[in-house]
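Written out below as structure tokens is the structure these notes cover.
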2 protein chains.
Amino acid sequence: MSLVPKDDKVLQEILQAAREIFSKFGLKKSTMEDVARSIGKGKSTLYYYYSGKNELFEAVIKDELDKHIKNMQRAISNASGPLAKLKALFLERLELKKQLLNLGQVVQQDFFDNFETLLNIKKELEITQVGFVKEIVREGIEGGEFRNLSEEDITLFSYWVVAGFGGLDHPVYTSDCLKHSDVFTEKVTGFILYGLKK
Amino acid sequence: MSLVPKDDKVLQEILQAAREIFSKFGLKKSTMEDVARSIGKGKSTLYYYYSGKNELFEAVIKDELDKHIKNMQRAISNASGPLAKLKALFLERLELKKQLLNLGQVVQQDFFDNFETLLNIKKELEITQVGFVKEIVREGIEGGEFRNLSEEDITLFSYWVVAGFGGLDHPVYTSDCLKHSDVFTEKVTGFILYGLKK
DNA sequence: GACTATTTGACAAAATTAGTCTAATAATCT
DNA sequence: AGATTATTAGACTAATTTTGTCAAATAGTC
């Protein structure tokens, strides 16, 4: 994503600064000069590492998503049983949503789709999440908690769950729901599992 | 300050919207379009009431200061004895500082001085505060808590106190101090009163 | 309807920002 | 030390955004 990933220290510095500036002002009102100034460098330095403002923004988003995918992986590994794993996944997904909100009004699906690379990133995120859900479901089937499903059905089910995650990103859902995240999580997890019970 | 103070409702609407936008983005990154959009009107409407962006900003500041002067007045009236009054004044002054910080990085003295009208407003604020302090000191002298001072000395003392208030606006003072506002207030009030004790 | 007040949209001038490019500077190697 | 490569910055232009203007449209009042 970056032109010359030679000096990792500067790269990280730029990413961190950019994340903060974009979070504070949003993409539109943030300038490359803002980012540069905040790390005490010239704007040209940024262009040495990233080919443009949008590219920097994409890098910030991708960096953020990568971190969250890792967090999801870790959360699932740390949980015992499919129920706990699904819950952990769901909670982590909510966290991802919060972070995207924090990146200055970029969570709107239409805005997100405007970047071709971001679209690819989104697909990757979707596939990764589907993978997580499939893994959990398979574990539940093998453990006897869930009814037996064909591989095809597992895939379909997993895509449905992840579609539900995506739906949470739409502005139809207000912050009030997120405030009651424990109750909300239980309910949604319950809905999800209803389709799997023996 | 406004060109045509005819429709007070729209005027207030603009002021309120402007306050929020300026607080969120600061003066520089806020646009008249932002303000207009947030009240669902055209930008030209803003120019009908205010001759320019800076003029609108000044109006917001002046409105804010007026409110705080009233609050200072009320706080002093409600307090008993010069010590309590001085403390109340000081706390209210800190509140004013917070509000100015909230208006998007305008608290810097040099920035403040850039506006001639704002300079006049600042002088007015200074004179008002000096008046409050003098009142409090006189009360303490008459009540026997403070040593007797000439009118000239009272004036000098009051200007010194208000200068101290102004010093708080400089970036040398970090937010950490403001976090411990009770201890901070006690200490500063103590320093102030030290010069007055019998 | 006539008159006045308010609001808006189109637009030009001014200001700001993104991005380019060359020179300066720093780092590395021989 | 000089040569080479990598990184950084400043000057600058083109593109974009913002401020402010002004005439027309619209709303309100008599």
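Here is the naming used below: chain letters follow the sequence lines, and residue numbers restart at 1 for every chain. Computed from heavy atoms alone, side chains included, the values below leave out hydrogens, waters and symmetry copies.
Partners of A:Ala75 by side chain to side chain contact (heavy atoms under 4.5 Å, CB included), not counting sequence neighbours, listed by chain and number: A:Ala88. Qualifying side chain to side chain contact (heavy atoms under 4.5 Å, CB included) partners for A:Ile76, counting only residues two or more places apart in sequence or in other chains: A:Lys85, A:Leu89, A:Phe132, A:Ile136.
Here the C1' atom of nucleotide D:dT17 and the NZ atom of B:Lys53 are 11 Å apart, to the nearest Å. D:dA9 atom P lies 10 Å from atom CD1 of A:Ile14, rounded to whole Å. When the P atom of C:dA5 is taken as reference, atom CG of B:Leu11 falls 16 Å away, rounded to whole Å. Rounded to a whole Å, the CD atom of B:Glu33 is 16 Å from the P atom of C:dC11. Atom CD of B:Glu13 and atom P of C:dT6 are 14 Å apart (whole Å). Rounded to whole Å, atom P of C:dA13 lies 21 Å from atom CE of B:Met32. With rounding to whole Å, B:Tyr50 atom OH is found 16 Å from D:dT19 atom P. Rounded to whole Å, the distance from OH on A:Tyr47 to C1' on D:dA9 is 14 Å.
Contact annotation: B:Thr45 does not reach the phosphate of C:dT6 (side-chain N/O to OP1 or OP2, under 4.0 Å). Taking 4.0 angstrom as the limit, B:Tyr48 places a side-chain polar atom (N or O) nearer than this to OP1 or OP2 of C:dT6. OP1 or OP2 of C:dT7 has at least one side-chain nitrogen or oxygen of B:Tyr49 nearer than 4.0 Å.
Rounding to the nearest 0.5 Å gives a distance of 14.0 Å between NE2 of A:His68 and OG1 of A:Thr128.
A donor-acceptor distance shorter than 3.5 angstrom exists from the side chain of B:Ser77 to the backbone of B:Gln73, with no hydrogens or angles considered.
Backbone-only engagement by A:Lys41 is indicated by non-hydrogen atom pairs under 4.0 Å involving sugar-phosphate atoms exclusively.
Residue A:Lys28 has its side chain nearest to D:dT18 when only C:dT7, D:dT18, D:dT19 are considered. With C:dG19, D:dT19, C:dT17 as the choices, the nucleotide that has an atom nearest any side-chain atom of A:Thr31 turns out to be C:dT17.
With hydrogens and angles left out, the side chain of A:Lys43 and the base of C:dA18 share a donor-acceptor pair within 3.5 Å.
Classification of A:Glu92 and A:Arg74 as a salt-bridged pair fails, no side-chain N sitting under 4.0 Å from a carboxylate O.
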